[in-house]
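Everything numeric in this text was worked out from a predicted model, so none of it was measured. Sequence positions, counted from 1, serve as the residue numbers for this chain. First listed ligand is number 1; within each ligand, the first listed atom is number 1.
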Amino acid sequence: MKFFVDTAEVDEIRALNETGMLDGVTTNPSLIAKSGRDFKEAVAEICEVVDGPVSAEVAATDYETMSKEAKVLAKIADNIAVKVPLTVDGLKVCRELRAQGTMVNVTLCFSANQALLAAKAGASFISPFIGRLDDINLEGSDLIADIRTIYDNFDFDTEILAASIRSVNHVSQAALIGADVATVPSSVLWKLYEHPLTDKGLAAFVKDWKSTGQSIL
Ligand code: E4P
């Protein structure tokens with residue numbers, strides 16, 4: 001499973017990129033607002049840091065304006081994935097961009113039927129939002145599982161990008177179900193490394209090694 005980081009903070013992206021574990025980045029209008037950065041400038045900088053897909057979302061909701069915005073975003077860099085909402089107009093823009101060879105991430109997916117429509121529109125990525133479904137007492141991971149089954153039934157090559165991930169358990173659930181990608185806040189990505197038994201075991205090994213008085217170098 002690929003890891004994308006869900007942020008517009010370039011410093012966070014650089015630090016994660018240095019681990020060699022980062023496969024891409026997703027942004028959205030809320031994350032851009034939080035960063036306080038100029039949208040196109042921030043996205044261009046992120047595209048220079050990361051080799052993989054960088055999602056940049058259109059702001060309009062009507063076909064004409066979304067289509068124009070998408071063309072501007074697609075020109076920022078070769079690794080841009082234009083993010084469009086899962087609406088009739090959004091999927092029209094998706095189809096158009098895919099015909100031009102631009103990657104498209106269809107966002108705000110909350111049902112299996114919506115994911116089916118996105119795949120039929122040729123989406124590169126579908127973003128089902130796990131956390132926001134859990135927030136309203138539904139099981140977000142069930143949606144990922146349903147989409148996995150549907151895409152496998154018809155050999156769709158749209159990648160399932162598990163989004164709205166809030167915890168390390170969401171990451172392992174997405175991986176167990178077979179999501180192709182998880183987009184994860186940087187705080188959660190760093191937590192994936194952690195386990196108290198790793199810390200405890202390492203402390204014991206360091207102590208016992210010291211007691212041998214030996215040196216490897
Ligand atoms: C990513 O593409 C989504 O915009 C993001 O994961 C949404 O996460 P949230 O529900 O925590 O805002």
- Are E48 and R14 within salt-bridge range, i.e. N to O under 4.0 Å? no

- K71 and S67: side chain to side chain donor-acceptor pair (under 3.5 Å), yes or no, with the steps? CA-CA 6 Å; K71 285 179 183 75; S67 175; 2.9 Å; yes

- Note on the structure: For atom 12 (O) of ligand 1, the closest protein heavy atom turns out to be R132 NH2, 2.8 Å

- Query: How about D51: does its CG atom have over 12 heavy atoms from other parts shown lying under 6.0 Å from it?
  - Reply: no

- Message: Quick test: of every protein heavy atom, which one is nearest to atom 3 (C) of ligand 1, and how far off is it to 0.1 Å?
- Response: F129 CZ, 3.5 Å

- atom 1 (C) of ligand 1: which of T107, I165, N105, D6 has the nearest heavy atom? D6

- Should we count CG of D157 as having more than 12 external heavy atoms under 6.0 Å? no

- To which protein heavy atom is atom 4 (O) of ligand 1 closest, and what is the distance rounded to 0.1 Å? N28 ND2, 2.7 Å

- Item | Identity and separation of the nearest protein heavy atom to atom 8 (O) of ligand 1 | S164 CA, 3.4 Å

- Message: Exactly one of T26, T107, N105 should register a side-chain hydrogen bond (donor to acceptor under 3.5 Å, both in side chains) with S127. Which one does?
- Response: N105

- Task: Among all protein heavy atoms, pick the one closest to atom 11 (O) of ligand 1 and tell me residue, atom and distance.
- Result: R166 NE, 3.1 Å

- min-distance protein heavy atom vs atom 2 (O) of ligand 1 -> K83 NZ, 2.6 Å

- Query: Should we say atom CG of D208 is surrounded by more than 12 heavy atoms from elsewhere, each under 6.0 Å from it?
  - Reply: yes

